[in-house]
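Below, chain A is the first sequence line, B the second, and so on; all start at residue 1.
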2 protein chains.
Amino acid sequence: MPTIHDIAKEAGLSIASVSRVLNELPVREETMKKVQAAVRKLEYVPNFFARGLSGAESRSIGVLITSMTNSYYMEITEAIERRLRERDFTLLLCSTDLDEALERRYLKEHMSRRVDGCIVIDPAIGNVRSGFFKGMAAQLPLVLVQPDPDIRDLHSVIVDQREGMREVMDYFIAQKHEDIAFVRGLSGYSYDIKEEVWRASLAGQGLEVRQDRIVGIPDGNVAEAIAETEAAVSKLLLVTPRPSAIFCCNDLMARGAMKAAAKAGIPVPQELSICGHDNSILAISGSLGLSSVDLKMRSQGRSAVDLLFQAMEGKDPEPRRILIAPQLVIRDSTGPRHI
Amino acid sequence: MPTIHDIAKEAGLSIASVSRVLNELPVREETMKKVQAAVRKLEYVPNFFARGLSGAESRSIGVLITSMTNSYYMEITEAIERRLRERDFTLLLCSTDLDEALERRYLKEHMSRRVDGCIVIDPAIGNVRSGFFKGMAAQLPLVLVQPDPDIRDLHSVIVDQREGMREVMDYFIAQKHEDIAFVRGLSGYSYDIKEEVWRASLAGQGLEVRQDRIVGIPDGNVAEAIAETEAAVSKLLLVTPRPSAIFCCNDLMARGAMKAAAKAGIPVPQELSICGHDNSILAISGSLGLSSVDLKMRSQGRSAVDLLFQAMEGKDPEPRRILIAPQLVIRDSTGPRHI
DNA sequence: ATGAAAGCGCTAACAG
DNA sequence: CTGTTAGCGCTTTCAT
């Protein structure tokens, strides 16, 4: 592979002049042309390692996500990539599979590659609590997306999931629903806070908070999530009187619930309202559009990058947080309670 | 940031000894412990640039995809990442948005970062034809996933889409369907070869190849693809006699077609069979399971990595290709023709 | 088994 | 405007 010395020899110049052309510093036009010709002729590509070693910025930022096949994370990531491309930065992407140790390892890997900054989407709660991120932030500009919202000592982009859930409950209650079931995953912070709002909203209206209206779906892949929810909701719909509305913590579960309603012959939304969460492709792919909460992934990605660049400029040492408001999108699967 | 010199000083050793410990070369146990203690104390992370510059391999490989929100590509990418992680390699991921110039730029960017190899998923046909990849392959181990299958001078992983389409047509014909519509995107190699098989299969059975049974759906985002297909298929279903089966080139379109059938009050699969392609999450999310062609994305990803590692070992200079066979998955949306 | 020293390819002073 | 030169942090001979 040709080096800057080969180019200098070919062009009959010094390596410094070649470097200047490469970095778009002022040179004589003729010099520039000679260098460009040599670069083309030898198919020269600068060695990124050497560049980085001599102190220049790497013009790359690292992103950690938990899964590459979760479209929710990938939409945020795509927004990040686009934003970075505008600024001519490159993205290094690693997926942690929810493994705390892997998250630490990859973040260090990124540091080792001297990325100019890092964005961690949905960071492991253990690594937040243990102060690991706090320590890393001292050495590297760092932005967390959707950490525990109580974390205030790190740059973060937070979606106010409580607000989204509140919107759903307000909507259901305005539609006169009083018996509203809640379908959630077994463990997870975001499930907990949604349940909290569900309880508070019902209680605030003087409605009964019934433990048997909470359905827990075991973790699993997408196919399992749908099937498990279908089975669980089928049971729920057997009792009399049955709930007139169901909220599901993601669209996968909501589609499972709709399957259950279809099997039981219960018309949606006439006799049963079903609301999902995430506003994913599933919300628009069925014959019946699914009402769902949009978490504004594009905004999350863009905001994360903007915040990171501010942090990289370093003029603002104190942690900043950007709050993003979710939005309830009403489609065909919800409506007023059937009297 | 601490360097190897700081560690050496802290441990009271030379940088060479530190380097040896870091690279797991034979040293005295005591030496090792001293170094490890210093590393922990100073939170030392080796500088990747310096490592790379001194000639070591980068232990990273570059992957180019066309879109990060297309779950089809991401499933391949996830399989690649898992395979790489087993071997302790890191993934650099770039998305080209189908832009040929961007594809060239990012591949050079990866070269500049001295990745040990590159995988390009769904490479732009222009860059294949122009010999660009051929030139790059001379400098860098390279594997193409799903290029034009006629390309034989580069390492490649090919899914025999013709075979998958043949399976669909054989199945439809065995179910006595004779009037089979074909829904495709406007431009794209994979659409063309599927249409080719559609034509050949019909002709081979002595069935009529009707131009008015081909429906072209303009490019667009996922929501548009569903809506456009619904509109187009609605029109198709108005004519008498109408087709008894529809093949759609992806599951998005197939879901659009199913919406159209539902609106028109045509029962699926009793009076209309609908088959999709890609076997994505959409195939299992609706109340009616969608028959679809599985392109074995996991296998594609794993095979690409295996092939790349062979190429990196360099013992096999002639281009190799791995063929992967698709599989038709029958669900609820297809059945025998209603007589 | 360990240390000293020579690069790896580039950028950024500094000198001309 | 251009050339010379000193590092950047690490790996890898070559001595010891």
Side-chain angles (χ1 to χ4, degrees), chain A residues 1-39 42-60 90 108-116 139-140, chain B residues 1-39 42-60 90 108-116 139-140:
Chain A
M1 265 187 196
T3 74
I4 199 172
H5 290 98
D6 300 319
I7 302 299
K9 196 177 295 174
E10 176 74 28
L13 291 160
S14 73
I15 62 164
S17 294
V18 177
S19 176
R20 285 192 190 98
V21 174
L22 262 31
N23 291 285
E24 298 177 338
L25 296 170
V27 288
R28 225 175 29 200
E29 173 132 1
E30 197 193 319
T31 306
M32 196 173 77
K33 289 201 169 155
K34 277 194 213 159
V35 171
Q36 287 169 340
V39 166
L42 302 183
E43 294 191 317
Y44 169 71
V45 181
N47 185 323
F48 188 78
F49 292 139
R51 263 199 176 152
L53 189 51
S54 3
E57 51 183 4
S58 70
R59 291 200 83 72
S60 56
T90 304
K108 283 189 178 156
E109 169 89 24
H110 280 156
M111 270 198 66
S112 160
R113 285 172 187 269
R114 294 299 187 271
V115 295
D116 298 321
Q139 306 183 52
L140 177 78
Chain B
M1 263 185 200
T3 74
I4 198 171
H5 290 99
D6 300 320
I7 303 300
K9 196 176 294 172
E10 175 76 26
L13 292 161
S14 73
I15 62 164
S17 293
V18 177
S19 176
R20 284 191 191 98
V21 173
L22 262 31
N23 292 284
E24 297 178 339
L25 294 171
V27 288
R28 227 177 24 203
E29 174 132 2
E30 196 194 321
T31 307
M32 197 173 78
K33 289 200 170 155
K34 277 194 213 158
V35 171
Q36 287 170 341
V39 165
L42 302 184
E43 294 192 320
Y44 169 71
V45 181
N47 185 323
F48 188 77
F49 291 139
R51 269 206 169 144
L53 189 52
S54 359
E57 51 182 5
S58 70
R59 289 198 85 71
S60 57
T90 304
K108 284 187 177 158
E109 170 89 23
H110 279 157
M111 270 197 65
S112 160
R113 285 173 187 267
R114 295 299 188 271
V115 295
D116 299 322
Q139 304 182 53
L140 178 77

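Five base pairs at each end of the helix from dA1(C)-dT16(D) to dG16(C)-dC1(D) define two local axes, and these are offset by 40° (rounded to 10°).
Gln139(A) CD: more than 12 foreign heavy atoms inside a 6.0 Å radius. Heavy-atom neighbours of Glu43(B) CD from other residues, nucleotides or ligands within 6.0 Å: at or below the threshold of 12.
Using a 4.5 Å heavy-atom cutoff, the side chains of Val18(A) and Glu10(A) are not in contact. By the 4.5 Å heavy-atom criterion applied to side chains, Ser112(B) and Glu109(B) are not counted as neighbours. Side-chain contact check for Leu13(B) versus Arg20(B): every heavy-atom pair is 4.5 Å or farther apart.
Between dC8(C), dC10(D), dC1(D), one nucleotide has an atom nearer to the side chain of Leu53(B) than all others, and that is dC8(C). Listed nucleotides: dT11(D), dT2(C), dC10(C). Nearest to the side chain of Thr31(B): dT2(C). Counting only heavy atoms from C-beta on, Val27(A) has its side chain closest to dT2(D) among dT2(D), dT11(D), dC1(D).
Among residues two or more places apart in sequence or in another chain, the side-chain contact (heavy atoms from CB on, under 4.5 Å) test is passed with Ser60(B) by Arg113(A), Ser58(B), Thr90(B), Val115(B).
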Inset, instruction - In sequence, state the C-alpha distance, the side-chain angles, and the governing distance for Ser19(B) and Ile4(B), and then conclude on side chain to side chain contact (heavy atoms under 4.5 Å, CB included). - result: CA-CA 8 Å; Ser19(B) 176; Ile4(B) 198 171; 3.9 Å; yes
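Annotation: proximity of residues 6-25 of chain A to DNA chain C (heavy atom, distance under 4.0 Å) is found for Ile15(A), Ala16(A), Ser19(A), Arg20(A), Asn23(A), numbered in ascending order.
In this model, the phosphate group of dT2(C) is approached by a side-chain N or O of Arg28(B) to a distance below 4.0 Å at OP1 or OP2.
Note: NZ (Lys34(A)) to C1' (dC1(D)) measures 12 Å, nearest angstrom.
Among Phe49(A), Tyr44(A), Phe48(A), the one residue that satisfies the side-chain contact (heavy atoms from CB on, under 4.5 Å) test with Pro46(A) is Tyr44(A).
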